[in-house]
Amino acid sequence: VQLQAFGGGLVQAGGSLRLSCAASGLTFSNYAMGWFRQTPGKEGEFVTVISRNGGRYYADSVKDRFSISRDNAKNTVYLQMNSLEPEDTAVYYCAADTTWMSRSAGEYDFWGQGTLVTVSS
C-alpha cells in the first residue's frame, strides 16, 4: 500500500492550496480517508476526514475554510485549503482507515509521507 501526498508549498496568508493524495495497493473505495497535520514541537492534529460514501467531518480550526473530496475512480483524495493562515503551516499527511470517519490517528491503517505547507504572514 502506498499513499503519496503532494501539492504543498509556500503561500501567502489568505491564499489557497489544493493537496492531493494518490493511493495504490488497496481498494480505495473501502477506506475512509483523512488528513492530519503536524508542526515541529506540537502534537499531530486531525484536520478532516471523508467516509467511504462521502460523509465529511472537519476540525473546528479549518471548518468553512477547508474542503475534502475524493475521486474513487482515480484513487485520490483532495484537500482544498482556502483563506490560509500562518497557523495552518504544517506537514500535512493523508491516511486511510477502514473504520467510520475516525478522528483518531491511531485508528488509521496506512499513512502517506507528508507534504509541507508554509503560510507566510
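Because the structure is a prediction, the values reported are computed rather than measured.
At least one donor-acceptor pair closer than 3.5 Å links the side chain of Thr39 to the backbone N or O of Thr89. A donor-acceptor pair under 3.5 Å is absent between the side-chain atoms of Ser83 and the main chain of Arg65, judged by distance alone. Between the side chain of Ser102 and the backbone N or O of Ser104, at least one donor-acceptor pair lies under 3.5 Å. Counting only distance, with no hydrogens or angles, the side chain of Arg56 and the backbone of Gly54 share a donor-acceptor pair below 3.5 Å. Formation of a donor-acceptor pair under 3.5 Å by the Asp97 side chain with backbone atoms of Asp109 is not found in this model.
Between Tyr78 and the options Asp71, Ile68, Ile50, Leu19, a side-chain contact (heavy atoms from CB on, under 4.5 Å) holds for only Asp71. Remark: of the listed residues Val91, Thr48, Val62, Val62 is the sole one forming a side-chain contact (heavy atoms from CB on, under 4.5 Å) with Arg37.
In this structure, Val1 and Trp111 have side chains that are not in contact, with every pair of non-hydrogen atoms separated by 4.5 Å or more.
Residues Ala13 and Ser121 share a closest heavy-atom pair of CB-CA, 4.3 Å. In this structure, Ala32 and Arg70 approach most closely via the heavy-atom pair CA-NH1, 4.0 Å. Residue Ser29 comes nearest to Asn72 through the heavy atom pair CB-ND2, 3.8 Å, listed as atom of the first residue, atom of the second, then distance.
Taking a 6.0 Å sphere around CG of Asp64, one finds it holds 12 or fewer heavy atoms contributed by other residues, nucleotides or ligands. Under a cut-off of 6.0 angstrom, the local environment of NZ in Lys63 is crowded, with over 12 non-hydrogen atoms contributed by other residues, nucleotides or ligands.
Inspection of the Tyr57 and Arg103 side chains reveals an N or O donor paired with an N or O acceptor under 3.5 Å.
Residue Phe28 holds its CZ atom at 7.0 Å from SG of Cys21, rounded to the nearest 0.5 Å. Rounding to the nearest 0.5 Å places CG of Leu17 at 9.5 Å from CG of Asn82. Interatomic distance, OH of Tyr92 versus CD of Gln38, reported as 12.0 Å (0.5 Å rounding). Taken to the nearest 0.5 Å, the CD atom of Gln113 stands 8.0 Å off from the CD atom of Gln2. Taking CZ from Arg18 and CG from Leu79, the interatomic distance works out to 10.5 Å, rounded to the nearest 0.5 Å. From Cys94, atom SG reaches atom CE of Met33 across 5.0 Å, with rounding to the nearest 0.5 Å.
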Does the side-chain hydrogen bond (donor to acceptor under 3.5 Å, both in side chains) test come out yes or no for Tyr31 and Arg52, once each step is laid out? CA-CA 6 Å; Tyr31 287 80; Arg52 288 169 283 180; over 6 Å; no
- Can you check side-chain hydrogen bond (donor to acceptor under 3.5 Å, both in side chains) on Glu45 and Ser61, steps first, answer last? CA-CA 10 Å; Glu45 177 187 14; Ser61 59; 3.3 Å; yes
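Checked against the 6.0 Å centroid threshold, Tyr93 and Phe36 do not count as a close aromatic pair.
Two different hydrophobic clusters hold Phe6 and Leu3 under the rule that ILVMFWY side chains link at heavy-atom gaps under 4.5 Å. Residues Met81 and Val77 fall within the same hydrophobic cluster, defined by Ile, Leu, Val, Met, Phe, Trp and Tyr side chains chained together at heavy-atom separations under 4.5 Å. Cluster annotation: Trp35 and Tyr58 are assigned to the same hydrophobic cluster (Ile/Leu/Val/Met/Phe/Trp/Tyr, side-chain heavy-atom contacts under 4.5 Å, transitive).
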